[in-house]
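First up is the structure itself, then whatever we jot down about it.
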Amino acid sequence: MQAGLAGVPVFKLYGEGNDWPTVDLLHCETISSRSQLYGWEIERHRHSDLWQLLYVRRGPAELFVEGLHTRVAQPAIQLVPALSVHGFRFHADIEGYVLTLAAPLVSWLQQELGVCAPVLQQPHCYPVGRDGHYLDSLFAAIAAEYANPAPGRDVLLRSLVCALLVWLSRQLPQGDGPAERPDRGSQHLQRFGVLLEKHYREHWAVSRYAHQLGVSTAYLNGVCRRQTGHTALQLLHQRLLLEAKRLLVYTTLNVNQIADQLGFTEPAYFIRFFKRLTGQTPRSLRQS
């Protein structure tokens with residue numbers, strides 16, 4: 001764990017504690033919609049399993065990311081990877097968007113993007129330059145699609161985000177990659193996230209994940225607690241719960257079919273699991 005992080009709060013979205021407020025794997029909002037609630041200043045904080053793209057369409061803005069202070073007067077995109085300490089100060093006339101990507105989506109993007117994937121590893125501020133109209137259209141399309149659920153929405157949103165990340169990767173000099181490697185604990189947490197995404201439906205024991213990573217169960221739990229505030233098992237349960245909610249909201253599968261897809265041997269076990277974590281049954285969530 002980096003020095004000085006003990007007092008840095010960990011949020012899902014700033015000011016919202018540990019609850020991810022949507023069944024989607026991304027969240028899109030204007031910069032002003034959240035920052036105006038806090039006097040146009042977002043205090044230093046970090047996210048355990050979220051990546052953010054801050055598009056400053058019109059400033060000015062001050063960006064504080066991992067100890068680097070950047071004053072933005074012209075359009076720019078700031079990438080903030082998971083676990084990066086960051087804060088922002090905006091002018092009341094600020095225009096732009098904040099796009100937040102959940103870890104399962106980032107894992108998928110890294111597989112799809114291939115040689116472009118390293119762009120997600122380190123924080124960086126990218127000047128927009130002459131591509132302002134293109135990026136305005138891209139972010140507007142993401143925001144519009146996010147706000148209006150329709151058939152094919154998930155596929156289109158993933159495609160639009162892929163286009164955005166390809167643009168970011170092309171701003172780096174050819175062959176240039178991240179200058180720094182994450183610390184050992186962060187590397188293990190990232191690898192755990194990749195394994196979890198592949199196997200959460202199989203209900204692996206935490207000890208099996210630890211064995212695959214070549215570490216002890218106690219070490220894996222310690223890394224998860226220090227960097228996310230949750231145990232490895234809690235992270236596994238959160239991923240199962242997120243997928244359960246997505247299936248309940250976006251499909252017509254019944255509870256028995258969802259339980260089967262998520263690896264529960266009996267629907268009753270799934271219902272008890274869901275109610276214990278949410279306080280309501282799967283059926284009541286779908287009805288609401």
Side-chain angles (χ1 to χ4, degrees), residues 13-14 20-36 42 47 49-61 63 65 70 72-82 84 86 88 90-91 93-174 176-178 246 250:
L13 293 179
Y14 185 80
W20 178 238
T22 173
V23 296
D24 293 304
L25 296 180
L26 63 79
H27 182 269
C28 184
E29 64 184 3
T30 62
I31 294 174
S32 60
S33 63
R34 188 171 301 268
S35 61
Q36 66 180 338
I42 304 299
H47 306 286
D49 54 0
L50 302 176
W51 280 247
Q52 289 192 315
L53 291 153
L54 181 84
Y55 177 32
V56 180
R57 184 174 179 272
R58 186 177 75 172
L63 317 179
V65 183
T70 304
V72 175
Q74 300 298 322
I77 297 176
Q78 173 70 56
L79 172 67
V80 183
S84 299
H86 59 287
F88 307 121
F90 302 113
H91 189 272
D93 292 332
I94 190 73
E95 290 183 9
Y97 297 93
V98 181
L99 181 63
T100 303
L101 312 177
L105 177 57
V106 171
S107 293
W108 179 86
L109 288 166
Q110 288 173 327
Q111 294 177 22
E112 293 295 311
L113 290 169
V115 295
C116 299
V119 75
L120 289 161
Q121 294 177 11
Q122 294 292 334
H124 193 75
C125 189
Y126 298 84
V128 166
R130 298 178 179 179
D131 291 333
H133 290 304
Y134 171 69
L135 292 169
D136 284 350
S137 299
L138 193 53
F139 272 93
I142 292 172
E145 194 65 25
Y146 180 77
N148 297 292
R153 173 174 176 269
D154 189 57
V155 173
L156 182 52
L157 282 171
R158 288 176 186 244
S159 298
L160 292 169
V161 173
C162 275
L164 175 58
L165 293 176
V166 168
W167 182 88
L168 290 177
S169 73
R170 290 177 177 176
Q171 309 316 300
L172 294 172
Q174 191 69 26
D176 193 13
R246 286 170 55 76
Y250 292 124

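Residue numbers start at 1 and run along the sequence shown. For clarity, every value in this text was computed on a predicted model and none was experimentally measured.
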Between F88 and H86, what is the ring plane arrangement, given parallel below 30°, perpendicular above 60°, and tilted in between?
-> tilted
For the pair Q74 and V128, evaluate side-chain contact (heavy atoms from CB on, under 4.5 Å) and give the outcome as yes or no after the intermediate values.
-> CA-CA 8 Å; Q74 300 298 322; V128 166; over 6 Å; no
Do side-chain atoms of R58 reach the backbone of G96 as a donor and acceptor pair under 3.5 angstrom?
-> no
Hey, are the side chains of V65 and T70 touching, using non-hydrogen atoms and a 4.5 Å cut-off?
-> no
Look up atom OG in S32 and atom CD1 in I94, then write down how far apart they are to the nearest 0.5 Å.
-> 8.5 Å
Note, C28 side chain near L99 side chain (heavy atom, < 4.5 Å) | yes
Side-chain donor-acceptor distances from residues 113-120 under 3.5 Å, at least two apart:
none

Sorted by chain and number, sequence neighbours left out, ring pair (Phe, Tyr, Trp, His ring centres under 6.0 Å) with Y97 holds for F139
Quick note, salt bridge (Lys or Arg N to Asp or Glu O under 4.0 Å) partners involving residues 117-139, not counting sequence neighbours, are R57-D136
Going by heavy atoms in the side chains, are V106 and L25 under 4.5 Å from each other?
-> no
Non-hydrogen atoms of R153 and Y146 that approach each other most closely = NH2-O, 2.9 Å
Might you work through the side-chain contact (heavy atoms from CB on, under 4.5 Å) test for L54 and V56, ending with a clear yes or no?
-> CA-CA 6 Å; L54 181 84; V56 180; 3.9 Å; yes
Would you say the side chain of C125 lies within less than 4.5 Å of the side chain of L63, judging by non-hydrogen atoms?
-> yes
Which of these, T100, V161, L50, L160, sits in a side-chain contact (heavy atoms from CB on, under 4.5 Å) with L26?
-> V161
Rounded to the nearest 0.5 angstrom, the CD-CG distance for Q110 and L165 is 10.0 Å
In this structure, CD of Q52 is separated from NE2 of H27 (nearest 0.5 Å) by 10.0 Å
Closest heavy-atom pair, R158 versus L109, reported as atoms and distance to 0.1 Å, is O-CD2, 4.5 Å
Report the distance from atom OH of Y126 to atom OG of S169, rounding to the nearest 0.5 Å.
-> 8.0 Å
Closest approach of Y134 and A163, non-hydrogen atoms and distance?
-> OH-CB, 4.0 Å
Do you know which two heavy atoms are closest between C162 and W108, and how far apart they sit?
-> SG-CZ3, 3.8 Å
Decide if atom CD of E112 counts as having more than 12 heavy atoms of other residues, nucleotides or ligands within a radius under 6.0 Å.
-> yes
If you round to the nearest 0.5 Å, how far is OH of Y55 from CD of E95?
-> 10.0 Å
When rounded to the nearest 0.5 angstrom, what is the spacing between CD1 in I142 and OG in S159?
-> 10.5 Å
Nearest heavy atoms of N148 and A144, plus distance in Å | ND2-O, 3.0 Å
